[in-house]
J.: 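This is the structure, below, for whatever I ask next.
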Amino acid sequence: MKNLFSSLGLALLIAGCASPKVEPMQTPDGKQGFVVSCNGSADSWATCYKAATSACPSGKYSVIDRNESSTPTAYGPMVRRNLIAECKN
């Protein structure tokens with residue numbers, strides 16, 4: 001029974017990380033930008049790029065910064081990806 005709850009918890013954790021989180025921000029030069037977080041081993045950088053394209057009104061952006069980290073766990077790697085995008089006109 002304990003394994004069932006552990007598996008269910010893991011499934012909920014993975015499902016919760018399946019969609020990217022997009023937060024608006026202002027870049028250092030005053031333009032509109034976004035911080036996009038695409039965490040989870042089920043996602044990839046393509047998910048982050050697609051979210052940035054959708055977030056910017058013109059659909060065009062420049063990548064200001066990006067980082068990725070992976071931490072091994074008993075259930076597989078915990079992957080964190082963050083992208084800072086500056087919208088273009």
Side-chain angles (χ1 to χ4, degrees):
M1 189 69 148
K2 185 177 179 182
N3 287 339
L4 174 65
F5 287 120
S6 294
S7 297
L8 181 59
L10 178 62
L12 290 174
L13 178 66
I14 291 171
C17 297
S19 60
K21 180 179 178 183
V22 179
E23 295 182 27
M25 63 165 288
Q26 186 174 9
T27 62
D29 60 356
K31 294 185 180 178
Q32 181 183 16
F34 294 92
V35 177
V36 182
S37 299
C38 304
N39 300 325
S41 57
D43 279 332
S44 68
W45 281 111
T47 305
C48 287
Y49 298 142
K50 185 176 180 181
T53 300
S54 297
C56 289
S58 69
K60 299 177 183 177
Y61 62 91
S62 295
V63 175
I64 302 298
D65 192 20
R66 73 178 210 162
N67 62 59
E68 178 178 43
S69 66
S70 180
T71 305
T73 69
Y75 301 105
M78 179 172 52
V79 180
R80 297 184 186 273
R81 290 179 197 86
N82 294 297
L83 171 75
I84 299 177
E86 179 180 81
C87 297
K88 292 182 180 180
N89 296 329

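Numbers here simply count residues along the sequence, with the first being 1.
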J.: Could you tell me whether the side chain of P77 reaches within less than 4.5 Å of the side chain of P72, counting heavy atoms only?
T.: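 A side-chain contact is absent here, since even the closest heavy-atom pair is not under 4.5 Å.
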
J.: Can you tell me how far OG of S58 sits from CD of Q32, rounded to the nearest 0.5 angstrom?
T.: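 Here the interatomic distance stands at 9.0 Å.
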
J.: Between R81 and G40, is there a donor-acceptor pair closer than 3.5 Å when you use the side chain of the first and the backbone of the second?
T.: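 Answer holds: yes.
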
J.: Let me confirm one number: the OH-OG distance from Y49 to S44, rounded to the nearest 0.5 Å.
T.: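 These two atoms lie 9.0 Å from each other.
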
J.: Using modelled atom types only, decide if a donor and an acceptor are shared between the side chain of T47 and the backbone of D43 within a distance under 3.5 Å.
T.: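 Not a single qualifying donor-acceptor pair exists.
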
J.: When rounded to the nearest 0.5 angstrom, what is the spacing between NZ in K31 and SG in C56?
T.: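 Taking NZ in K31 and SG in C56, the distance rounds to 11.0 Å.
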
J.: Applying the side chain to side chain contact (heavy atoms under 4.5 Å, CB included) test to F34, which of I84, I64, V22, L83 qualifies?
T.: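 Output: one option passes, namely V22.
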
J.: Could you walk me through whether S37 and N82 pass the side-chain hydrogen bond (donor to acceptor under 3.5 Å, both in side chains) test, one step at a time?
T.: CA-CA 5 Å; S37 299; N82 294 297; 2.8 Å; yes

J.: For the CG atom on N89, are there more than 12 heavy atoms of other groups (residues, nucleotides or ligands in this structure) within a distance under 6.0 Å?
T.: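 Open: at most 12 neighbouring heavy atoms sit under 6.0 Å from CG of N89.
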
J.: Determine, step by step, whether E86 and T27 satisfy the side-chain hydrogen bond (donor to acceptor under 3.5 Å, both in side chains) criterion, reporting the C-alpha distance in whole Å, the side-chain angles of both residues, the deciding distance to 0.1 Å, and the verdict.
T.: CA-CA 7 Å; E86 179 180 81; T27 62; 2.8 Å; yes

J.: Grouping I, L, V, M, F, W and Y whenever their side-chain heavy atoms are under 4.5 Å apart, do W45 and V79 come out in a common cluster?
T.: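 No; tracing contacts between hydrophobic side chains, which count when under 4.5 Å, never links both residues.
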
J.: To the nearest 0.5 Å, what is the distance between CG on N39 and CZ on R80?
T.: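 Separation between the atoms: 5.5 Å.
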
J.: For the residue pair V36 and A51, what are the closest heavy atoms and their distance?
T.: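 Residues V36 and A51, closest heavy atoms: CG1-CB, 3.8 Å.
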
